[in-house]
Peer 1: 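Below is the structure I would like to discuss, written out as structure tokens.
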Amino acid sequence: MVLNNLVNVRHHPTNVRRKKPDSTVKQLEISNPVSYFLLNGRSKRYTVQEAKQLHSYFIKLKSDSNMYLVNSIIHTYAANGDLNTAHRLFDRVIDRDVVSWTTLIDGYAKIGNMGVAQQLFDSMPERNLVSWNVLISGFGKCGDVKAAKKAFDQMIERDIVSWNSLISSYARNGFAKEAFEVFCDALVENLVTPNKVMFLSVLPAIAESGCAFWGRCVHSFILRSGIEVDSVLCSALVDMYSKCDDLDMAFQVFESNPFRGNVASWNPMLSGLVRNQRFEEALELFRWMQFENVESDYVTMVAILPAIADSGALSLGKWAHSYIQKMNIRMNATLGSALVDMYAKCGCIELALDVFAVVEGKTTELWNAMITGLAIHGCGRDALKLFSQMQIENLEIDDLTVSAILNACSHSGFVDDGLRFFSNIKDVYKMTPKIQHYGCIVDILGRAGRLEEAKDIICNKMSIKPDIIIWKSLLGACRTHGNVEIGEFAAKHLFELCPNDSSSYVLMSSIYEAAGRSNEAVLMRKKMIEGGVKKEPGFSSIESGGVVHKFLVGDKAHPRAEEIYTMLDDIREKLKSRGYQPNKQLVFFDLHDDEKEDAIFHHSEKLATAFGLINSNRGDPLRIVKNLRMCSDCHVFMKLVSEIYNHEIVVRDHNRFHHFVNGKCSCMDYW
DNA sequence: CTAGGGTTAG
């Protein structure tokens, strides 16, 4: 095949990596710029200042005979985005050559002006490989993959840069399959010898496809090809593996990275862990990164903040925020949203509002984060106010905005607002309610005790098949309002949809128990145990001195366990003298009465509270994060402790925040 | 002297 010979460019001289510009440039001596240029060799790139000095020297001399030098100046202007000056100089030069043209075209391509780039390309007297390659990569960067492919097809001679440019055009514009196909074509037909850049171009495409099989193939191909797996390639591999959900391989490659001094080696691993909800490991990695003195950047912060938010580690979150300010990390809506979310989830709604206020260029995402934050704190009125403001400022409303508003209504008990807003989804906002929106409205009605209406929505008003979350929220409402009949109905569906989920058995059992139907409660527990269904372990964590302390039920693993249990006994005595009785109905297992009382009293959030009381500064509220919903006994417990010990307690459970002050909870016992 | 590459995104 003729084409084969033409494009086989193994020995093409342009296939050699050029040197990066030297940043330690001495000040140019105006008196003799040409000798400076000759002394420093040809492949030098200049700063804008140097280019300007050279430029004015040439204007003075009315000479531009040295094309190497002139092209360098054009390049410097173009590469810095000053296309006006670059183009003016280009126009003035009489002996301009193919490099001058190509340099200018590349400049226009880099600022996204492919119209002018194409015009210039069409009017060039002669073109070489580089001119075509510049065009392809230019189209790729502007998102015009069709044009990139067309240019590629028109070439009569291609080198590895042409192939790589086409692959990355596809890869960076969401055409993962096409990128991988071009990569395979090139290799199968033996048209090029792959190099590092080729792998770096195709790996993001595989990452996007999420196909671990392709990923492993390419990885082993890299290893067999003998290409040095340097830090940059490691980062790409880590990112690929983490996006293909193979965190173990990602970590293995991360560990094998020969140089981890650059933040870009850490970011893919960090965001991979966070994307896969492995927040504790992400925080651990982040600590390791601090230990290795690697400076965080914008990407690190966007990645780590959700992990901080999840753990509720407020002091770490505050540290991250001040780091952002100290290091002048650019603040935009994305980072702002991450900060707002973090502060809200760490229990500091005021600080979240502070961040929200100062972010410029507020996006829907940012408003959503703020409204959701207010919702989980039970600040329903403020959430609705913010929503009106959002509409006044003409921001687009999306699915998350709708969920946020419905959540706000739910947590604050605004049933009428919630119903009105729900009907507005279709009528006013012209959106189709999503499954999560039906979930919210069922929740709103259910909490208000309007169980028949909630059931009616599920059975008759939804065009979508109800999911587990919806049935659970109905079942939860039946538990709150003691409705056995509808509870059984919801449980029946849950047992079909998720027979291995413990919460339906637990809830149904306690509904029977509360209705005085102990026999059926016991049967329910039996059914669960015989089915081999395990209860999801509840845990609570509390941050102290930058460390997150985690407690399970009846946990004795903490180094200060003895003090904690002594404190807990002390609390129990004080509470009992105030008439507190543990609610033993809540104990799921068939234990002796005393054991039941202990089991209740050693709930993880109570352990965390005891630890917090012996460990925290008087003024600071205790901030506890619980992975499941808080039980009603713990809720009573917290209210009393906040009063007796005169200590504010903030608990984040699976659903929302509870601020306990002086014997009262911000949720008004409505959760 | 000109061309291709890695990290974030409710």
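Chain letters run A, B, ... following the sequence lines, proteins first, then strands; residues in each count from 1.
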Peer 1: Check this one for me: any side-chain N or O of A/R275 less than 4.0 Å away from OP1 or OP2 of B/dT8?
Peer 2: yes

Peer 1: Rounded to the nearest Å, what distance is computed from the CE atom of residue A/M198 to the C1' atom of nucleotide B/dA3?
Peer 2: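 One finds 15 Å between C1' of B/dA3 and CE of A/M198, rounded.
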
Peer 1: Looking at A/E295, I want to see if its CD is surrounded by more than 12 non-hydrogen atoms of other residues, nucleotides or ligands under 6.0 Å.
Peer 2: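 Not more than 12 within 6.0 Å, no.
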
Peer 1: Just call it for A/S337: base, sugar-phosphate, or nothing, with non-hydrogen atoms closer than 4.0 Å on any strand.
Peer 2: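 Contact class for A/S337: none.
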
Peer 1: Mind checking A/D106 for me? I need base, sugar-phosphate or nothing, with any heavy atom below 4.0 Å counting as a touch.
Peer 2: sugar-phosphate

Peer 1: Pairing donors with acceptors under 3.5 angstrom, does anything connect the side chains of A/E292 and A/W288?
Peer 2: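 Checked: A/E292/A/W288 side chains pair up, N/O donor to acceptor below 3.5 Å.
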
Peer 1: Reckon A/R330 touches a base, only the sugar-phosphate, or nothing at all at heavy-atom distances under 4.0 Å?
Peer 2: nothing

Peer 1: Calculate the interatomic distance between A/Y298 atom OH and B/dT7 atom P; express it in whole Å.
Peer 2: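 Atom-to-atom, A/Y298 to B/dT7, this comes out as 15 Å.
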
Peer 1: Less than 3.5 Å between a donor and an acceptor, one on the side chain of A/S235 and one on the base of B/dG6, is that the case here?
Peer 2: yes

Peer 1: Please report the distance, rounded to the nearest Å, between CG in A/N71 and P in B/dA3.
Peer 2: 11 Å

Peer 1: Rounded off to whole Å, could you give me the CG-to-C1' distance for the A/L386 and B/dG10 pair?
Peer 2: 15 Å

Peer 1: Tell me which residues in residues 115-122 of chain A put a heavy atom below 4.0 Å from DNA chain B, sorted by number, or none.
Peer 2: none

Peer 1: Give one of base, sugar-phosphate or nothing for A/K345, where a contact means two heavy atoms less than 4.0 Å apart.
Peer 2: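 No contact at all - A/K345 keeps every heavy atom at 4.0 Å or more from the nucleic acid.
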
Peer 1: For A/V232, report the nucleic acid contact type (base, sugar-phosphate, nothing); a contact means any heavy atom under 4.0 Å.
Peer 2: base

Peer 1: Please work out if A/S231 contacts a base, only the sugar-phosphate, or nothing of the nucleic acid, heavy-atom cut-off 4.0 Å.
Peer 2: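 Base, at least one base heavy atom under 4.0 Å.
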
Peer 1: Which of these nucleotides, B/dC1, B/dG4, B/dT7, is closest to any side-chain atom of A/V99?
Peer 2: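 Output: B/dC1.
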
